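See structure below.
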Amino acid sequence: MAVHKAFSKTAQYLASLTAQQDLWTELAKSLYSFFGADVVGFGDREPQGGVRIYHLGFRGREHPFSETDREEMKRDIGDVLDSGFLTTRLIQAPEPGQFLFLPMTHKGLTSAVLVIGHYSPLPFTNEWIDAYLSTAAIAGTLFARLNAEKALLEAHENLESRVRERTAELRASNESLHKEIVERRKAEDELKSERDSLNTLMEGLASSGVGVSVVSSEFEILSQNEVMAERFGEIGGRRCYEAYRGMETSCGGCHMREAIREGSAGRTSFIARDGRTYELFVAPLRGLTGTGNRVIEVFGDVTALKRAEAERIEMEKRLQSLEKVESLGRMAGSIAHHFNNKLATVLGNLELALWDLAEESEVRASIVESMKAAHQAADVSLMMLAYLGQTTGRKEPVDLVETIRESLKSSSVSIPRHVRLETDFPPGRPIILGDNLHVKQIFANLVSNAVEAIEQNEGNLTVSVHVSQGAEIRGFRFFPMDWEPKAEQYICLSVSDTGCGIELTTIEKLFDPYFSTKFTGRGMGLPVLLGLARAHNGATTVVSSPGEGSTFRVFFPLHAMEAAPPFKETPHTDKGAQDRAFVLLVDDDPWVRNMAQSMLKRMGYGVLAASGGAEALKLFEEDPDRVRIVITDLTMPGMDGWETLTALRKIRPNVPVVLASGYDLALALDRDCIEQPNAFAHKPYSMGELKSAIDKALQQAVSK
């Protein structure tokens, strides 16, 4: 305890020194005061290469040394400067005394020697030697710091921090190591003593879960502690690269070789043959003779840290992907609205033109083809919305097995003769909430993808449906990446093929729009499948390897195991609907407004046209009862469709309203509003689709 207090006071005292003070004088004072030393001195090299002694002081005594004593002290100082190891000397005259010659080092170089003596025939205890060594190290570092250029200050502080860390890690072993330095001069078997001390160190670190081994310059493992034995077995005598990594030759850029050759420590990380990641610290191990042909290796298990870092990188990738999807969603929604608005005008006017053309007109075929192309153009925006999960349709009970059977019977799913179809369906009738057409599209895309993978070869295609527990499927690699199972049970639609298989790097890109391993222009089938699965609160997984086929699974939340009663819509025909009833048509786009007005007039309706919600409200207030039905656009400047609907219902609560939009039904109706439309018309709409929406709205209004 006294040694610890003395060293702490000395360390604090030295740390408080300034560049203007004489380090040697102040250090001598502290050693006299705190340690009770009798003799304190310093030595270093002269510019000409000789050894000098200076600031040699004696507490309460005259100069006690002869010239011979001084020359022997110089030789001892020279040995310490050359080797970097402490040495001791017993001086008999004028009275017995023990003297320590301690290296004062900085950055691995010994620049001066601290001489400490006390008049006693008894040797220094290990505690005092440890304290004096630490004091010499602090004084040497401080001396270098006070004399270094200002530009090297930060480098020195960094080194000092590393020395403190190293000291803290090996503090428990310092006493054993210093004791070994003293005892090895007296021991007959120097090697055995050193090995025993090292074993003590390694077992001490083992209690903290740190692995330690000693390796020779020939890469042979000389000793190991219990931690290394538990992880790698008894590996004494084996080559380190073979025992730790399972390699046949030494590792490239070996830190152990550098530690022996350069005498410097090194740090690296590697994955061992036990599958764990280790942080390896390598340092040269020298004995009292100063020779260095061995290294000590300290292993820290950083597997958890590396895994956490990998998970962080993966989360960043997922976040970037989610941000991309969100950005695409906003862009696709905006494009769909404006694009479909323009197509509504094109398709509507083309359809009106057909009404005015004679059946035998040569222009008629060109107009029909133009309408087909315009409808296909509208499908492009719908496919993007489907990929982004922004199209859900109406969610109704869907018998998944029955839907698959219907698809297999229809022409929408084509399976060539060289492909053998196998099915495995459960005895019950699994019901999901969704859109029957979208579920059929998901299945058709899966089958089409499987058939293309089999190509012209004979192969098997297996379709199965089974129930999975939500807890069982956690940990799967899902698409989309942010999806997690929240329902208790899921119904899994699985489609497997014996085709060519898929590379792992390709699987990550399968659901990107227009990515394809086929010819240019393909590649929206799987992205649309993913979007439709997302719209049904589901996800998909892919298991595949080259040459071994693929299995695609789509998980839907299970609604019930018994089919709900089929929904039957009662046909309705309102004979008075066209009896010059007025339709209030509200749309800010003049082209769409004129086209829709022409369609309504062809149906026999009178039309009150308004370019916005305020104008529509004014027309409606003049005579609310003459308006049989309202058709209003969703997105308009000023009052939008929802605000217009609410305002009209305040005047006449039961007025039928059709909401029209270029957005998908799910997005268009995603508004927390008390008043709801009676029907929805998706732009671009044909005359038949517009009439169907009007009939539906009138029927619903009557039923209420």
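These numbers come from a predicted model, not from an experiment.
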Practice item. Would you give the length of the straight line joining atom CD of Glu484 to atom CZ of Phe476, rounded to the nearest 0.5 angstrom? Key: 14.0 Å
Review point. Are Ile431 and Leu400 close enough that some pair of their side-chain heavy atoms sits under 4.5 Å apart?
Key: no
Point to revise | Least distance between heavy atoms, Asp633 atom then Ser661 atom | key: OD1-CA, 4.2 Å
Exercise for review: Applying salt bridge (Lys or Arg N to Asp or Glu O under 4.0 Å), name anything that partners Arg405, two or more places apart in sequence or on another chain.
Suggested key: none
Review point. Do Arg474 side-chain atoms and Pro485 backbone N/O form a donor-acceptor pair below 3.5 Å?
Key: yes
Point to revise | Set of residues satisfying side-chain hydrogen bond (donor to acceptor under 3.5 Å, both in side chains) with respect to Ser692, sequence neighbours excluded | key: none
Point to revise | Pairs touching residues 488-509 that satisfy ring pair (Phe, Tyr, Trp, His ring centres under 6.0 Å), sequence neighbours left out | key: Trp483-Tyr490
Review point. Roughly how far apart are His438 NE2 and Leu529 CG, rounded to 0.5 Å?
Key: 12.0 Å
**Study point:** For Gln469, all residues meeting side-chain hydrogen bond (donor to acceptor under 3.5 Å, both in side chains), sequence neighbours excluded
**Key:** none
**Study point:** Check: Leu433 and Pro557 side chains under 4.5 Å, non-hydrogen atoms
**Key:** no
Study note, to complete from the structure: Applying side-chain contact (heavy atoms from CB on, under 4.5 Å) to Arg420 and not counting sequence neighbours gives Glu458, Asn460
Practice item. List for me each residue that meets ring pair (Phe, Tyr, Trp, His ring centres under 6.0 Å) alongside Phe479, sequence neighbours excluded, and say none if there are none. Key: Phe511
Review point. Rounded to the nearest 0.5 Å, how far does CG of Leu530 lie from CZ of Phe478?
Key: 12.5 Å
**Study point:** Asn457 CG to Cys500 SG distance, which is reported to the nearest 0.5 Å
**Key:** 9.5 Å
Check your understanding: Which heavy atom in Leu437 sits nearest to a heavy atom in Asp435, and how many Å separate them?
Key -> N-OD1, 2.9 Å
**Study point:** Phe443 and Leu408, any side-chain heavy atoms less than 4.5 Å apart
**Key:** yes
Check your understanding: Which residues pass the side-chain hydrogen bond (donor to acceptor under 3.5 Å, both in side chains) test with Ser550, sequence neighbours left out?
Key -> Ser544
Check your understanding: Does the side-chain contact (heavy atoms from CB on, under 4.5 Å) test come out yes or no for Asp399 and Asn436, once each step is laid out?
Key -> CA-CA 9 Å; Asp399 184 341; Asn436 186 60; over 6 Å; no
Practice item. Examine distances only and state if a side-chain atom of Asn678 and a backbone atom of Val657 form a donor-acceptor pair shorter than 3.5 Å. Key: yes
Point to revise | Side-chain heavy-atom pair Leu690, Ile631 within 4.5 angstrom cut-off | key: yes
Review point. Do Thr540 and Leu526 come close enough that some side-chain heavy atom pair is under 4.5 Å?
Key: no
Revision key, fill the gap. Applying side-chain hydrogen bond (donor to acceptor under 3.5 Å, both in side chains) to Asn449 and not counting sequence neighbours gives none
Practice item. Evaluate the side-chain proximity of Thr403 to Lys440: yes if any heavy-atom separation is below 4.5 Å, no if none is. Key: yes
Exercise for review: Determine the minimum heavy-atom distance between Pro430 and Leu558, stating which atoms define it.
Suggested key: CB-CD1, 4.1 Å
Review point. Got a sec, which pairs hit salt bridge (Lys or Arg N to Asp or Glu O under 4.0 Å) with one end in residues 488-505, sequence neighbours left out?
Key: none
Review point. Of the non-hydrogen atoms in Glu689 and Pro684, which two are nearest, and what is the gap between them?
Key: OE1-O, 3.8 Å
Practice item. Give a yes or no answer on whether the side chain of His559 reaches the backbone of Val398 with a donor-acceptor pair at less than 3.5 Å. Key: no
Review point. Glu548: what forms a salt bridge (Lys or Arg N to Asp or Glu O under 4.0 Å) with it, not counting sequence neighbours?
Key: none
**Study point:** Side-chain (Arg553) to main-chain (Thr541) donor-acceptor, under 3.5 angstrom
**Key:** no
Exercise for review: Using a 4.5 Å cut-off on heavy atoms from C-beta on, say whether the side chain of Val607 contacts that of Lys601.
Suggested key: yes
Revision key, fill the gap. Closest heavy-atom pair, Asp640 versus Leu634, reported as atoms and distance to 0.1 Å, is CB-O, 3.3 Å
Point to revise | Heavy-atom check, side chain of Tyr605 versus side chain of Ile694, under 4.5 Å | key: yes
Practice item. Go through the structure and list residues passing side-chain contact (heavy atoms from CB on, under 4.5 Å) with Ala681, not counting sequence neighbours. Key: Val658, Ala660, Tyr685, Ala693
Point to revise | Heavy-atom closest contact (Leu461 atom, Ala450 atom, distance) | key: CD1-CB, 3.7 Å
Practice item. Look up atom CZ in Phe555 and atom CG in Asn537, then write down how far apart they are to the nearest 0.5 Å. Key: 15.0 Å
Check your understanding: What is the distance from atom CD of Glu452 to atom OG of Ser448, rounded to the nearest 0.5 Å?
Key -> 4.5 Å
Practice item. Please name the residue in the list Leu532, Ile491, Leu446 that meets the side-chain contact (heavy atoms from CB on, under 4.5 Å) test with Val554. Key: Leu446
Check your understanding: Should Arg429 and Val401 be marked as a side-chain contact (heavy atoms from CB on, under 4.5 Å) after you check the CA-CA gap, both sets of side-chain angles, and the distance that decides it?
Key -> CA-CA 7 Å; Arg429 303 179 64 189; Val401 172; over 6 Å; no
Check your understanding: Taking only residues two or more places apart in sequence, or in another chain, which ones meet Asp589 in a salt bridge (Lys or Arg N to Asp or Glu O under 4.0 Å)?
Key -> Lys342
